[in-house]
Amino acid sequence: MQMMKDRMEGVPACTFPVVEAPYPVISNDWVNGEYKLLVVEAEAAGLAARAGQFFHLACPPEGENDNFLRRPMSIHRIDRERGQLHFLYKVQGNGTRALATLQPGDTLDALGPVGQGFSLPAATQHVLMVGRGVGLATLAPLAQMAIAQGAKVTAVLSARSQALVMGRQVLEEAGASVHVVTDDNSDSDVVSLEGFIRRLHAASPVDFMATCGSNRLLMLLQKLSEEFGAAGQVALEQRMGCALGMCIACVRAFRKEPGAEALTYRRVCWEGPVFDMRETVAW
Amino acid sequence: MQMMKDRMEGVPACTFPVVEAPYPVISNDWVNGEYKLLVVEAEAAGLAARAGQFFHLACPPEGENDNFLRRPMSIHRIDRERGQLHFLYKVQGNGTRALATLQPGDTLDALGPVGQGFSLPAATQHVLMVGRGVGLATLAPLAQMAIAQGAKVTAVLSARSQALVMGRQVLEEAGASVHVVTDDNSDSDVVSLEGFIRRLHAASPVDFMATCGSNRLLMLLQKLSEEFGAAGQVALEQRMGCALGMCIACVRAFRKEPGAEALTYRRVCWEGPVFDMRETVAW
Amino acid sequence: MVDLSVRIGDLTLANPVMSASGTLSEGLGDVFDLSLLGAIVTKTITDDLREGNPPPRVAELRNATLFSIGIPSKGAAYFRENTVPFYQRYNAPIVASVSANTIEEFGALAAKISVPGVAAIEANVSCPNLKADGMAFGMDAQATREVVQSMTAATRLPIWVKLSPNVGNIAAIARAAEEGGASALVVANALLAMAIDIETRRPKVANLMGGITGPAVKPVLLRMAYQAAQAVQIPVIGCGGISSAEDAIEYMLAGASAVQVGTASFVSPNIMPRIIKGIEAYCERHGVSRIADLTGTMRKFDAEALAMRGSL
Amino acid sequence: MVDLSVRIGDLTLANPVMSASGTLSEGLGDVFDLSLLGAIVTKTITDDLREGNPPPRVAELRNATLFSIGIPSKGAAYFRENTVPFYQRYNAPIVASVSANTIEEFGALAAKISVPGVAAIEANVSCPNLKADGMAFGMDAQATREVVQSMTAATRLPIWVKLSPNVGNIAAIARAAEEGGASALVVANALLAMAIDIETRRPKVANLMGGITGPAVKPVLLRMAYQAAQAVQIPVIGCGGISSAEDAIEYMLAGASAVQVGTASFVSPNIMPRIIKGIEAYCERHGVSRIADLTGTMRKFDAEALAMRGSL
Ligand SMILES: Cc1cc2nc3c(=O)[nH]c(=O)nc-3n(C[C@H](O)[C@H](O)[C@H](O)COP(=O)(O)OP(=O)(O)OC[C@H]3O[C@@H](n4cnc5c(N)ncnc54)[C@H](O)[C@@H]3O)c2cc1C
Ligand SMILES: Cc1cc2nc3c(=O)[nH]c(=O)nc-3n(C[C@H](O)[C@H](O)[C@H](O)COP(=O)(O)OP(=O)(O)OC[C@H]3O[C@@H](n4cnc5c(N)ncnc54)[C@H](O)[C@@H]3O)c2cc1C
Ligand SMILES: Cc1cc2nc3c(=O)[nH]c(=O)nc-3n(C[C@H](O)[C@H](O)[C@H](O)COP(=O)(O)O)c2cc1C
Ligand SMILES: Cc1cc2nc3c(=O)[nH]c(=O)nc-3n(C[C@H](O)[C@H](O)[C@H](O)COP(=O)(O)O)c2cc1C
Ligand code: FES
Ligand code: FES
């Protein structure tokens, strides 16, 4: 705590909420065969991030790939005690492969926090979050926030196999009750999940739902949230230029109003990445 | 020698004299505050290089600088016994700064040998070579060649200070008698040098002269070689694209015939880098 | 102390660095104080409401990006009521970029947005995404002249014309814009380009073609800025691939009076203030007391002296 | 086994990879067997003797080069007596690139070099270095048409036309060349560009402007190759920034029947054989049995389906 205090004193009056800064890398280890967890040391501006916000990360150039653009990455964990930010990312293309080369002692050039995070109605009692694959990275801070707000959290983690389940520990530490479903176990399909959620809701009514990373899950939660009368939000992805609302590249089509037929483009980085499920068009 | 033989046996029939290949780096050390000596392991094609030829070196990308083009570099020493090539280079711009980062165990991507080297008339008795700065890098293999051909070699090394004199050892090992002149010592000016060369010539007539790296020295040797009736060659530099005669970028103006007034462009990489002094235009 | 101010027609800018249209929005104000800028050029608007192109709208290239945004627009009324008041909180002139479907509409839109707070109007006659095959007003000298005439007749604000680089003879278009009454030229918009994902065989942006922006194409745009500056008397504002003070200075030496920075702000949102500082440092190092004195001071090689010389 | 051959008019090439004019000479034969190439395109000659531009003629750019060579030439007689016999030792068709000062001279030169061993003639109507401000035949549709007509009247060899990219409407020029009787188009020559050393304030090449070549500008040239291929029935040969099999395939998907490789051979002289192998491997991986089947198989996004979708 003392350390934290000193760090905050060193920071100039934080008039600009978004900072482009070098973050010292603390660790960058594989969590399974596909994902790495990047932990960096953060200053006040970075730690002010809210659940659902993201950072825009510069990936080091590698050989022929200069990785010209930054890459958007959700905050997986905001550890204000230790003054750390966690990113959980899938190593897939040129950019994330280059990110994967960062080592303790290197610095991560990150821009953020940016975007509209989750907003949880004050009276929320029971949050259900369902995430698949990398979607899990984004949902964890919501659990932290919901529990801090006094709500109960049930997190359903869906993955191809048990070995690919991630984030369980972060969620349980935050106080969520975690339910794992896998393709291997044949309980990750929509029908099984719908059954599970209906039973859960019957036992303890769900009044807020959140998801990320799967169209299939989004459609299921859209249906159930409407039926249950629960609020619902979804974190979306799109290719980005600036992450600051400037280039208007990261649009997706949304209903002009919740439930409306008429569509309009909105910027995932600026109006989102978290959107009301009722205005979101499944893809 | 056994090692050498094995290496040569591994090489495919050398129908193509110019090879683009990875050369294992053996060492890359500073020889003074400005120059580094890069020693690489070479195959038969590389070791077939002749005095005055050069290689076109790919410099690793570094940060924003992709060092798109290769850099021409003279062969400073062809060590056929050890199967090594030496490059002596000045660290000055983006490319050479990147070259300077190569470490033992890395590989150097080199294209060569290319260019027309020195050609020494068979009956040559006494070779005088005068080099300044990086010019010395280029002249050393000529000493080796001349002595192998039975000629005597006097090498004049000119430098700003004693500390910047390089290549003395290579030359002496080859059997040349070395004379050092420096600005600090006030004996590197043209007048002093001219005196020295005249005395040398009087004692032991010079019938071949070579130089590299200084316009001032070129003009002096042009005058003296004409007066002494000695042959003379000079190694020149120019910005290059391909080093294979293809792009016609590396031209300089030359006399159409030795001594002629009419000028024409010739490619430094293809018709040179070694030219007859009598067709060379001082700059 | 270096005098950083530059004059663009009747307008004096505190420094020569401004945003390129379509690359700045409110969000940049979350990163630094936009009052530091020489000017704030806003995203092009049309008076008709537009959603823009379908996504994906951006692809990463080597040292460059391919953007295909179209001109999403909320119209002139929204601009007057929201955009202008927002940027008026900053102490930098607002330059309003506009586009339209016809010459008359260019004039009408210029009139509609000539409101207090707007210091100049930039005519985007060159957006490569709007018309099939990239054809635009800016590819034709006569159409360019008429667009400017229509606008100068409709407003007393200075008109800047942002040229299209997708032309054979930029000097001719530059002269046409000057004849039409332009106060300054922005040279230039983005070169039309495309890229294909060879695994899916699909174009990398949905709209097939887009504008290539960023450092990769700077030498082409720099050449055009030079040619335009040679062709006209009015100030030229360089634009294309500027991502450092060195790039900005290169444009100024070639004849630009000021510069616009686009894609570089996406890569590094603080780049514009850094460029301003960097130009200042260069001027100090080179003993230049007024930044405006850099404009057009490239020293050509003497062709004759060079003709048969081979010096490095 | 993939069939690598492609047809360019009446000519069948063993594979679609050839040199770009001005980027191959005898020296490359010291590195690999030039018989591996689809064709050997020789450096542009004029009939008059020329020394070319003063040095420095080359500057390094990011991911690109700036070349300002001019057209040094030893004339038609030297070409017939030396260049053709030299390349005849290889088993690859020779394509002779020519340029001239007038339309008539284009025809006359074509006649002079129509000797056994030459398989086609490429008209370089686009060299950006020859005329002030980069103006060239290739910037004008009518002049391009007449150049080709003059050449087809003077020789029975197929005429390829290498277009200039420094134009607004490449499709119009492409159609003019086709109407003139061209057998194929090469799209395109180098974009005119410049660069300034801000410390010395001097241009980086003595001639001030030069052609920017290499990967940086590929997306612009690819767009032009696509537009030209859409506009004509004759084969298009893609050229500009190709430095890998992936690049070559991208051009073919966009509509090119073959490709020319330039600057990449300077960076890596073995690149052309590597590209040939790489295209073959891609075809095998994708179950394409004839390389010629790649041409024009880019799959456009369905505009309607996309219109309001937001999928990644
Ligand atoms: C708001 C947001 C939060 C995200 N959070 C996470 C996270 O916490 N963990 C994680 O693993 N991934 C996350 N992603 C996805 C992540 O951005 C991509 O995996 C990453 O950009 C891929 O980069 P690459 O260079 O490795 O892949 P490549 O496919 O080589 O990338 C090529 C280009 O496409 C873009 N791109 C590719 N996939 C995506 C994508 N899914 N979303 C956006 N842009 C993409 C890249 O940024 C790059 O510009 C998030 C995306 C968004 C929009
Ligand atoms: C045939 C030949 C042999 C050479 N041998 C040696 C040698 O043995 N040792 C040595 O230290 N140097 C030698 N040089 C010079 C060496 O090539 C340059 O020092 C080097 O290219 C500089 O690269 P840079 O990126 O560090 O410099 P920068 O100035 O950043 O280079 C910018 C560009 O200019 C070119 N360039 C700059 N200076 C020269 C130059 N003098 N000659 C040719 N191109 C240049 C570079 O290749 C590059 O393309 C030789 C040059 C030639 C032509
Ligand atoms: C995302 C994006 C949107 C743009 N929108 C506009 C626009 O609305 N109007 C306009 O005149 N230019 C627009 N441009 C072009 C830029 O203003 C600028 O001319 C171009 O990006 C080249 O500069 P740069 O290389 O610094 O990015 C846009 C560019 C980008 C990258
Ligand atoms: C050094 C050099 C010389 C060139 N000379 C010619 C020429 O004589 N005739 C011609 O049509 N194109 C010439 N070009 C253009 C190339 O043929 C080619 O169109 C251009 O380099 C683009 O391809 P690249 O990016 O693969 O290099 C030359 C290019 C270079 C780099
Ligand atoms: S990424 Fe630029 S507006 Fe969203
Ligand atoms: S460097 Fe290309 S011809 Fe000499």
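Here is the naming used below: chain letters follow the sequence lines, and residue numbers restart at 1 for every chain.
- Most heavy-atom pairs under 4.5 Å with chain B, from the set D:D33, D:V31, D:T263, D:V205: that is D:V31.
- Looking only at distances, no side-chain donor or acceptor of D:D30 sits under 3.5 Å from a matching main-chain atom of B:V18.
- The line from CZ of D:F67 to CD1 of B:I248 is 10.5 Å long, rounded to the nearest 0.5 Å.
- Proximity of B:F68 to D:T65: side-chain heavy atoms (C-beta onward) are separated by under 4.5 Å at one or more points.
- Within a 6.0 Å sphere centred on CZ of D:R202, heavy atoms belonging to other residues, nucleotides or ligands number more than 12.
- Between chain B and the residues D:A64, D:G22, D:P72, the most heavy-atom pairs under 4.5 angstrom are made by D:A64.
- You'll find the side chain of D:E60 reaches within 4.5 Å of the side chain of B:N67, heavy atoms only.
- When the heavy atoms of residues 74-96 of chain D are compared with those of chain B, none of the residues falls under 4.5 Å.
- Applying the side chain to side chain donor-acceptor pair (under 3.5 Å) definition to pairs two or more places apart or across chains, those involving residues 19-29 of chain D are D:S21-D:T44, D:S21-D:S97.
- Heavy atoms of B:D109 lying under 4.5 Å from chain D are absent altogether.
- Relative to the ring axis of B:Y265, D:R57 places its NZ or CZ within 45° and under 6.0 Å from the centre.
- With contacts defined as side-chain heavy-atom distances shorter than 4.5 Å, the pair D:F266/B:L244 does not qualify.
- Ion pairing between a basic and an acidic side chain is recognised when a charged N comes within 4.0 Å of a carboxylate O; D:E51 and B:R266 show no such pairing.
- Within the 4.5 Å cutoff, side-chain heavy atoms of D:P269 are placed close to those of B:L111.
- Residues D:P55 and B:Q238 have side chains in contact (heavy-atom distance under 4.5 Å, counting atoms from C-beta outward).
- B:E20 places a side-chain N or O within 3.5 Å of a backbone atom of D:N270 that can act as its donor or acceptor partner.
- Interatomic distance, D:L24 CG to B:C247 SG, rounded to the nearest 0.5 Å: 12.0 Å.
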Quiz: residues 53-61 of chain B side-chain donor-acceptor pairs under 3.5 angstrom, not counting sequence neighbours:
| residue | atom | partner | partner atom | Å |
| --- | --- | --- | --- | --- |
| B:Q53 | OE1 | B:R50 | N | 2.8 |
| B:Q53 | NE2 | B:G115 | O | 2.9 |
| B:H56 | ND1 | B:C242 | O | 3.4 |
| B:H56 | NE2 | B:R70 | O | 3.4 |

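- Partners of D:S243 by side chain to side chain donor-acceptor pair (under 3.5 Å), not counting sequence neighbours, listed by chain and number: D:D247.
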